[in-house]
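Here is the structure we will look at.
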2 protein chains.
Amino acid sequence: MTDANTALHADAARPSRREQILRAAAQLFAERGARAVGVDDVGAAVGVTGPAIYRHFASKDAMLAEMLLRISERLLEGGTARVAAAGDDPLAQLRTLVAFQVDFALDNPALITVHDRDLGSLAADDAAQVRRLQRRYVEVWVEVLGRLHPEADAATNRARAHAVFGLVNSTPHSAGRLPRRTTAALLAAMAEAAATA
Amino acid sequence: MTDANTALHADAARPSRREQILRAAAQLFAERGARAVGVDDVGAAVGVTGPAIYRHFASKDAMLAEMLLRISERLLEGGTARVAAAGDDPLAQLRTLVAFQVDFALDNPALITVHDRDLGSLAADDAAQVRRLQRRYVEVWVEVLGRLHPEADAATNRARAHAVFGLVNSTPHSAGRLPRRTTAALLAAMAEAAATA
DNA sequence: CCGCCCTGTGAACCACCGTTAACATCGCGG
DNA sequence: CCGCGATGTTAACGGTGGTTCACAGGGCGG
């Protein structure tokens with residue numbers, strides 16, 4: 001009954017087999033695309049055979065769904081929390097949002113990659129739920145951007161938000177070649193400049 | 001003998017069956033992901049059955065390969081041409097590059113989407129060739145950015161270029177909701193601000 | 001008008017892959 | 001010590017989808 005909820009609190013400390021699978025799958029999905037990796041691949045990555053996966057997940061799609069749902073939830077929760085803690089200054093709010101997104105992208109390049117590439121290979125209802133969360137996260141940004149650009153309408157600020165996401169989420173494409181701090185500072189500066197342009 | 005070359009000069013005027021297929025495939029690939037669309041789907045989109053495709057392409061992978069190669073070539077050629085025609089001012093060069101990329105992304109959202117999502121589902125040698133072209137295009141940007149940021153090293157400017165690509169290529173995610181001119185102006189302003197930050 | 005090439009069709013083939021079934025092992029509570 | 005739940009393994013099933021094959025129509029040069 002609480003089975004579905006068990007999925008929600010990730011045990012980062014001592015990763016259960018379930019968590020190992022989820023992590024390995026995220027890595028593989030990011031590298032080759034969700035449809036291109038087989039259940040056997042995921043199993044092999046954690047040292048078991050393919051069908052063993054079904055002791056932990058109902059299906060391969062369920063794995064992907066849970067993965068994407070978690071990401072979207074973490075982004076939404078983190079984003080709203082940061083804004084709430086940032087006081088009333090719109091620029092300060094923007095800066096924490098940018099820092100948050102940059103950190104997230106640098107910490108979880110695989111998740112970021114899967115997030116906006118494999119949404120399409122989700123069942124209709126799962127996809128809808130993910131999109132709802134995404135939309136709410138975007139709205140957090142739109143609200144902040146709205147105070148920085150009072151003259152712009154919501155649609156424009158939505159496009160602005162997506163553009164900033166694209167900028168920050170470019171990390172996986174150019175990752176590893178630069179020290180993390182340098183990359184983080186660069187992306188934050190660029191994102192802020194773009195968002196306030 | 002000149003059969004392979006025929007592929008190179010796109011007949012935009014009266015689209016041959018080959019071109020129709022390529023266009024329809026690009027659209028479908030962008031919507032669902034290359035691996036998720038079947039040969040039958042592509043065929044149906046142009047009014048023929050699945051196997052008819054093989055009268056025009058050696059395989060489904062060959063379709064994708066030609067698609068990605070063309071995009072990369074167009075970007076590289078267009079980018080170098082624009083820079084060459086822009087004179088010596090680095091800022092002017094950046095502006096034409098930005099305008100070029102924005103126009104391309106707005107004109108070919110499907111190609112942009114496929115371009116950086118389905119590269120992974122290409123045969124090793126095709127992928128390598130595409131990556132070579134991509135790298136050369138990035139270097140065009142890096143050179144221009146290098147003159148705008150003389151203090152930064154090449155790796156930093158590479159990351160900068162990727163970030164700008166991510167920003168501009170966000171169009172497919174927020175497309176349609178805004179008039180094209182507005183979107184173009186917004187993206188260009190944001191991209192320039194980010195690139196010069 | 002004959003015959004060949006181009007393009008297309010429907011059926012069949014075959015490999016791959018997600019999923020299930022049937023059976024082992026291990027650890028732990030009673 | 002018995003047994004049961006959790007976890008895994010191997011074998012098999014079934015669907016999907018890329019590819020090939022044998023055949024048909026149709027236009028065009030000779």
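By convention in this document, chain letters (A, B, ...) are assigned in the order of the sequence lines, proteins followed by strands, and residues within each chain are numbered from 1.
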Strictly below 4.0 Å, N to O, side chains only: are B/Arg95 and B/Asp89 in salt-bridge contact?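 Salt bridge: no.
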
Remember a base hit wins even if backbone is also touched, and classify A/Val46 as base, sugar-phosphate or nothing at under 4.0 Å, heavy atoms. nothing

Using a 4.0 Å heavy-atom cut-off, does A/Val37 contact any base of the nucleic acid, only the sugar-phosphate backbone, or nothing at all? sugar-phosphate

[X] [atom1] - [N] [atom2] separation (whole Å):
| X | N | atom1 | atom2 | answer |
| --- | --- | --- | --- | --- |
| A/Asp41 | C/dT19 | CG | P | 14 Å |
| A/Phe57 | C/dG18 | CZ | P | 15 Å |
| B/Asp40 | D/dT19 | CG | C1' | 11 Å |
| A/Met63 | C/dT19 | CE | P | 10 Å |
| A/Arg18 | D/dA6 | CZ | P | 14 Å |
| A/Arg17 | D/dA6 | CZ | C1' | 12 Å |
| B/Asp61 | D/dT19 | CG | P | 6 Å |
| B/Arg55 | D/dA24 | CZ | P | 14 Å |

Can you tell me if [X] and [Y] form a side-chain donor-acceptor pair at under 3.5 Å?
| X | Y | answer |
| --- | --- | --- |
| B/Gln93 | B/Arg147 | yes |
| A/Glu143 | A/Asn157 | no |
| B/Tyr137 | B/Glu73 | no |

Mutual orientation of the aromatic rings belonging to B/Phe165 and B/His162 [parallel < 30°, tilted 30-60°, perpendicular > 60°]: perpendicular

Look at A/His56 and D/dG8 and indicate whether a side-chain polar atom (N or O) is within less than 4.0 Å of OP1 or OP2. yes

Report yes if at least one side-chain N or O of B/Thr49 is closer than 4.0 Å to OP1 or OP2 of C/dT9; otherwise report no. yes

B/Lys60 side chain, from C-beta outward: closest of C/dT19, D/dG18, C/dG8: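 My answer, after comparing the listed nucleotides, is D/dG18.
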
Per B/Tyr54 side chain, nearest of listed nucleotides D/dT20, C/dA22, C/dT7: D/dT20

Nearest heavy atom decides the nucleotide; on that basis, is A/Pro51 or A/Arg35 closer to the 5' end of DNA chain D? A/Pro51

